[in-house]
Amino acid sequence: MPELPEVETVRRGLAPAMEGARLERIEVRHRGLRWPIAEDFEKRLTGTTVTGLGRRAKYLLADLSSGEVLIMHLGMSGSFRIDKEKPGAFHHARSKDEKHDHVVFHLSNGKTVTFNDPRRFGSMKIVPRAKLDEEPLLKALGPEPLGNEFDAAMLARACQAKKTSLKAALSDQRVVAGLGNIYVCEALYRAHLSPTRRASTIADRKGEPNERAFALVDAIKAVLNDAIKAGGSSLRDHRQADGSLGYFQHNFRVYDREGEPCPRSKGTIKRIVQSGRSTFYCPACQK
DNA sequence: ACCTCGACCTGCAAGC
DNA sequence: TGCTTGCAGGTCGAGG
């Protein structure tokens, strides 16, 4: 579920609860995430204060007063929940939703932040801040799509020598960091570009961006900004409900709409498989 | 060096 | 109703 906009929405939801709070107690109920949670995880976190909560691509980065950084990834099915610990309250029986609560952060402000992840593709890792730029998880990541370094010239250069499809290139976190299956489909739709088109066709022989590269960069930025905006409003709704973060509904134009009419042409949305993942697009208006 | 594919997990919906 | 199958928003590492 979580691509860049969802992770950013989670970050914005968690920041008010976590920033400035001390981690009083860490409860790890299941160490078997994508990689096992380190044996010294609880010890390294307990007693430190979260000084800031940031994001790089789909990773959440919690800055700690200990001089370390907690790196978290939501995988496919991860989410966070904020609960207010009511002193002396009965705790109700564990519901089905709590079955996959793997890590619980008990904060000094009386709140708890719980990481839930049914499929356990998520991950958590602590690294010294001084070593963050050598961190293998982050080192190979391409530019942030909403940052200034991400532009048509850069994208064209990155795609110039590629033999793969545009879909595969945009899904590659080394080319641009934070897009996933949904937003790649949505961005290509907005840019009127076919997911099967060779990535190198957004550049000329010299690697200079062409019209398609400019359209694509604009589409990527627009679709991400729209989704973050939608996430912001869903945040307000969700917080009152059950505090769960990481999940919100928006209207995709092509994703998961196989067989439906194209919103802007006479075409019908088609589903194909590219490198093992579903791609949705309109063959009539995406060239 | 590049690219594709299987593997890691659980849950859910569709089909029989 | 129950079983089986396929599919899911990610990414790493093996193998071509």
Side-chain angles (χ1 to χ4, degrees), chain A residues 1-11 29-37 55-60 71-80 95-103 115-125 135-142 145 157-189 195-200 220 223-224 226-228 230-231 234 244-259 271-281:
Chain A
M1 137 211 346
E3 301 181 31
L4 187 152
E6 289 77 18
V7 178
E8 178 59 22
T9 298
V10 170
R11 190 195 69 74
R29 299 184 183 162
H30 200 319
R31 308 195 90 82
L33 300 188
R34 174 95 209 249
W35 310 284
I37 291 181
R55 179 189 57 76
R56 172 75 173 105
K58 302 171 193 171
Y59 292 93
L60 287 169
I71 305 175
M72 299 177 281
H73 197 288
L74 300 175
M76 290 275 259
S77 57
S79 65
F80 282 94
S95 76
K96 188 153 70 170
D97 288 354
E98 296 172 61
K99 183 163 134 197
H100 299 291
D101 288 353
H102 304 315
V103 180
F115 178 66
N116 181 287
D117 185 7
R119 293 178 73 180
R120 285 187 274 122
F121 290 168
S123 57
M124 294 203 185
K125 180 178 182 180
E135 171 51 42
L137 292 176
L138 309 176
K139 205 175 176 180
L141 291 174
R157 228 175 299 124
C159 289
Q160 183 191 8
K162 291 216 170 276
K163 310 210 126 193
T164 41
S165 64
L166 259 188
K167 166 85 187 299
L170 295 180
S171 306
D172 185 341
Q173 303 298 297
R174 295 166 304 183
V175 171
V176 53
L179 298 178
N181 208 33
I182 292 178
Y183 294 105
V184 168
C185 292
E186 294 295 310
L188 287 167
Y189 175 78
T196 63
R197 168 183 284 283
R198 284 181 65 147
S200 57
I220 290 168
V223 77
L224 295 178
D226 284 357
I228 289 170
S234 85
S244 89
L245 300 164
Y247 208 18
F248 57 91
Q249 208 58 38
H250 16 183
N251 342 307
F252 303 123
R253 307 205 183 148
V254 288
Y255 185 82
D256 205 19
R257 291 188 179 278
E258 182 182 17
R271 172 184 176 271
I272 60 173
V273 175
Q274 291 179 288
S275 25
R277 326 284 299 189
S278 290
T279 300
F280 300 87
Y281 74 112

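The sequence lines fix the lettering, A, B, ..., with proteins before strands; numbering per chain opens at 1.
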Looking at every strand, decide which applies to A:Leu137 at a 4.0 Å heavy-atom threshold: base, sugar-phosphate, or nothing.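 It contacts sugar-phosphate atoms only.
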For A:Ser278, which contact category applies under a 4.0 Å heavy-atom criterion: base, sugar-phosphate, or nothing?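 Answer is sugar-phosphate: A:Ser278 comes under 4.0 Å of backbone atoms only.
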Is there a side-chain contact between A:Phe115 and A:Leu74, using heavy atoms and a 4.5 Å cut-off?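 In short, these two side chains touch, coming nearer than 4.5 Å.
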Looking at [X], does any N or O in its side chain come under 4.0 Å of the phosphate oxygens OP1/OP2 on [N]?
X	N	value
A:Arg277	C:dC7	no
A:His73	C:dT11	yes
A:Lys58	C:dT11	yes
A:Tyr255	C:dG9	yes
A:His30	B:dC9	no
A:Arg120	B:dT10	yes

Nearest to the side chain of [X] - [options]?
X	options	result
A:Lys99	B:dG11, C:dG10, C:dA8	B:dG11
A:Phe121	B:dC8, B:dC3, B:dG11	B:dC8
A:Lys162	B:dC3, C:dT11, B:dG11	B:dC3
A:Lys163	B:dG11, C:dC12, B:dC3	B:dC3
A:Arg34	C:dA8, C:dG10, B:dT4	C:dG10
A:Pro118	B:dG11, B:dT4, C:dA8	B:dG11
A:Asn181	C:dC12, C:dG9, B:dT10	C:dG9

We want to know whether A:Lys99 and A:Asn116 form a side-chain donor-acceptor pair, criterion being a heavy-atom distance below 3.5 angstrom.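 No.
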P-based separation of C:dC7 from B:dC5 [nearest Å]: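 The answer is 15 Å between these two P atoms.
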Watson-Crick or G-U wobble partner of C:dG2, both distances under 3.5 Å: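 Check on C:dG2: paired to B:dC16, both distances under 3.5 Å.
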Who does B:dA1 pair with, Watson-Crick or G-U, both distances under 3.5 Å?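 Pair assignment: B:dA1 / none.
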Looking at [Y], is its backbone amide N or carbonyl O close enough to the side chain of [X] to form a donor-acceptor pair, meaning the two atoms are under 3.5 Å apart?
X	Y	answer
A:Asn181	A:Ser278	yes
A:Gln173	A:Gly142	no
A:Arg56	A:Lys58	no

Using only modelled atom types and a 3.5 angstrom limit, is any donor from either the side chain of A:Arg119 or the base of C:dG9 paired with an acceptor on the other?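 No.
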